[in-house]
Structures are given as structure tokens and as C-alpha cells.
Amino acid sequence: MSAATGIENISTILVIGAGTMGRQIAMSAALAGYSTIIQDISTEGLAAARTELEVWAAGRVAKGKLAREAADAALGALEYSTDLDSSASNADFVIEAATERLDIKTQIFQKLGELAPAHTILATNSSTLGSSKVAQVTGRAAQVCNMHFFNPALVMKCVEVVRHEGTSDATVDTTMELARKLGKEPVLINKEIPGFIANRLMGAIQREALGLAEAGIASIEDIDTTARTALGHPMGPFALMDMVGLDVIDFIAQATYAESGAPEDAPDERISALVAEGKLGRKSGSGFYDYS
Ligand code: 3HC
């Protein structure tokens with residue numbers, strides 16, 4: 001029997017990891033009225049997150065898209081901490097968005113299992129590691145699942161809620177409901193599968209786009225334009241890969257391929273080569289496109 005909390009008992013949310021995803025997930029929670037702790041081992045990472053969120057909130061207020069009071073309330077609901085122990089013991093719901101490494105996540109989930117209150121649900125934002133990989137070390141496997149957000153998390157509506165074999169219905173229900181409270185449209189994935197739904201769809205489009213460019217059928221610009229103007233995608237596959245980060249795309253492909261072994265999931269050599277050259281997309285100034 002799972003003792004997973006119901007949505008009505010959630011007041012404090014802990015987001016572990018102040019990176020690109022964690023900081024925006026945390027802000028989504030704060031905007032929804034939750035006391036939200038962002039925990040990271042790096043004080044620089046926490047400071048960068050605070051600055052980005054303050055700038056983002058000021059921009060929304062200036063644009064007239066967010067009332068100043070709401071922005072101030074959300075910023076005030078955020079607490080920044082390097083202390084996982086005390087953060088965990090105060091959390092009703094945890095979303096882990098730390099580095100995509102199993103050893104790191106295992107350590108974190110072990111600690112969460114020991115320190116978080118018994119009712120607390122432990123979710124991972126991981127796109128590559130199913131929660132079954134960390135569920136057992138928590139001693140509360142039924143209260144563990146994936147809760148996968150998309151970049152930029154303050155904008156994208158989708159949250160993939162992925163249950164492992166032992167995730168309880170109560171955990172799924174509360175996680176789906178929490179996603180809705182955060183203004184998202186959650187989808188439920190009943191079985192862990194490499195790439196879940198969205199990254200599998202994205203991978204298929206990217207493979208086709210890379211193949212067309214490689215064969216000289218069209219330029220990357222024209223392929224991107226086609227995705228936007230013919231299919232209504234907000235951005236083309238090459239621009240999207242640059243935004244997500246080519247290192248992230250490469251890492252997802254490697255992890256997916258390692259698990260599925262399917263030839264179509266194999267990492268793309270051109271992307272691996274760009275990563276080796278330090279061309280990681282927007283964040284490094286160049287990738288498929290030049291942003292200098
Ligand atoms: N952070 C927060 N908000 C952002 C943002 C960011 N990085 N980038 C854009 N926005 C907001 C803007 O403030 C703006 O808000 P408003 O309309 O309310 O004023 C809105 O998004 C639209 O922005 P722009 O007008 O500047 O630009 P676009 O209309 O081109 O939208 C986009 C930008 C939202 C990024 C859009 O191009 C898009 O949806 N692209 C596809 C993103 C996508 O597919 N993400 C999934 C990636 S895969 C993933 O995350 C999985 C993981 O496992 C890798």
C-alpha cells in the first residue's frame with residue numbers, strides 16, 4: 001500500500017538541481033502558489049538561477065503578462081539551498097532535476113528515502129533514466145515515478161508522467177494533478193520505454209531531417225522552414241536541437257540506444273562530431289547555426 005500524499009496535502013515542493021530545467025520547474029511551482037525550495041550543490045548555480053528567474057519575472061511584468069504582486073509572491077516563495085538534508089525533510093513532493101547520471105541520482109534518491117516525510121512522492125525529471133532505476137533505494141518504490149518536463153519548462157505544456165511497474169495509482173494521480181496545478185497538460189505513460197513519447201517523436205523527426213541534409217536534398221535552413229511553415233512546428237528540427245543543446249541530444253541518443261539497441265536509435269555521428277568540437281548549440285554560440 002502506498003502512503004503517497006494527496007494533492008491537498010502538498011504545500012512545499014523541493015526541486016533538486018538549479019540548471020536549465022530545475023530553475024524553470026521551480027518557478028512554475030512558485031507561480032502556482034507552492035513554497036518551493038531549489039536545492040543545488042553549487043552556490044554559483046543557485047545564484048545564476050536566482051538571477052535568471054528575477055530577470056524573467058521582471059520581463060513578464062514589463063510586458064504586462066504578470067502582475068507585479070504575483071511576480072513578487074512567486075519570487076518570495078522560492079528558497080535557495082545547498083542543504084539537501086534539511087530541504088528533503090521539509091518537502092511534500094520532490095522533483096529531481098540533477099545531472100543525468102545514475103550514480104548521482106541513486107545517491108540523491110537514497111537520501112530522499114531516508115529524509116523525506118513518509119507521505120512524500122519522489123519524482124525524477126529524467127528523460128533517459130526510468131524511475132525504476134532509483135525506486136528501490138528509496139524504500140518507498142510505490143511513491144516514485146518520472147515527471148518529465150520540456151524546455152523551456154515555463155512555457156511548454158507537456159509533462160510526461162511515467163510509472164514504473166511498482167508505482168501506485170495514488171502516486172500517479174497526485175503527480176498528474178500536481179502537473180495540472182502547475183498549468184501543464186500531463187500525459188500518462190504506463191510502461192517505461194527509452195525516450196518515452198516526446199523524445200521518440202523528436203528523434204524520428206531529427207533522424208529524417210539529418211538524413212535529408214546529409215543527402216544534399218535541402219539546406220538545414222530550408223528543412224527548418226518547412227517544419228515551421230508546412231507542419232506548424234514552432235521551430236525546425238535543427239533550431240530545436242541547437243536550443244536543447246547538442247550535448248543533451250547526443251546524450252539522450254546514447255542512453256536510448258544503450259537501452260533499446262535499435263539501429264534507428266544510434267547516436268548521429270555528425271552531432272557527436274559537433275559536440276567534440278565544442279559546438280553545443282545556442283549555449284556555446286554555435287551548433288548547426290552560428291549565434292555569434
Ligand atoms: N524561458 C522562458 N520563457 C521563454 C523562453 C525561455 N527560454 N523562450 C521563450 N519564452 C517565452 C517568451 O517569453 C514568450 O512568452 P509570451 O508569448 O507569453 O510573451 C513565448 O515563450 C514565445 O517566445 P518568443 O515569441 O520569443 O519565441 P517563439 O514564439 O519562437 O517561442 C519557444 C519560443 C517557446 C521556444 C518555441 O519556439 C517553441 O515552442 N519551440 C519548441 C520547443 C520544444 O520543442 N521544446 C521541447 C524540447 S525537447 C525537451 O525539452 C526534452 C528534453 O528531454 C530534452
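Source: prediction; values computed, not measured. Note that ligands are numbered from 1 as they come in the structure, with each ligand's atoms numbered from 1 the same way.
Within the structure, ligand 1 has R60 among the residues with a heavy atom less than 4.0 angstrom away. Contact between H148 and ligand 1 is present, with at least one heavy atom of the residue lying under 4.0 Å from the ligand. At least one heavy atom of I252 sits closer than 4.0 Å to an atom of ligand 1.
Inside a 4.0 Å radius of atom 18 (O) of ligand 1 there is at least one protein heavy atom. Distance screen at 4.0 Å: atom 24 (P) of ligand 1 has no protein heavy-atom neighbour inside the cut-off. Taking a distance limit of 4.0 Å, we find that atom 37 (O) of ligand 1 is approached by some protein heavy atom. Distance remark: protein heavy atom not present below 4.0 angstrom from atom 32 (C) of ligand 1. Under the 4.0 Å distance rule, the nearest protein heavy atom to atom 3 (N) of ligand 1 falls inside the cut-off. Per-atom contact check: atom 28 (P) of ligand 1 does not touch the protein, criterion being a heavy-atom distance below 4.0 Å.
In this structure, K283 does not pair ionically with D242, as no charged nitrogen and carboxylate oxygen lie closer than 4.0 Å. Salt-bridge check for E177 with R180: passed, with a basic side-chain N closer than 4.0 Å to an acidic carboxylate O. The pair R207-E264 fails the salt-bridge criterion, with no side-chain N (NZ, NE, NH1 or NH2) lying under 4.0 Å from an Asp/Glu carboxylate O.
With atom 43 (C) of ligand 1 as the reference point, the heavy atom nearest to it among L53, N199, L240, N125 is part of L240. Looking at Q24, R23, K63, M27, it is K63 that brings a heavy atom closest to atom 12 (C) of ligand 1.
Looking at L122 and R140, their side chains come closer than 4.5 Å, going by heavy atoms from C-beta outward. No side-chain heavy atom of L78 sits under 4.5 Å from any side-chain heavy atom of R50.
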Could you please spell out the steps behind the side chain to side chain contact (heavy atoms under 4.5 Å, CB included) verdict for K133 and K105?
CA-CA 9 Å; K133 298 252 177 10; K105 290 186 191 287; over 6 Å; no

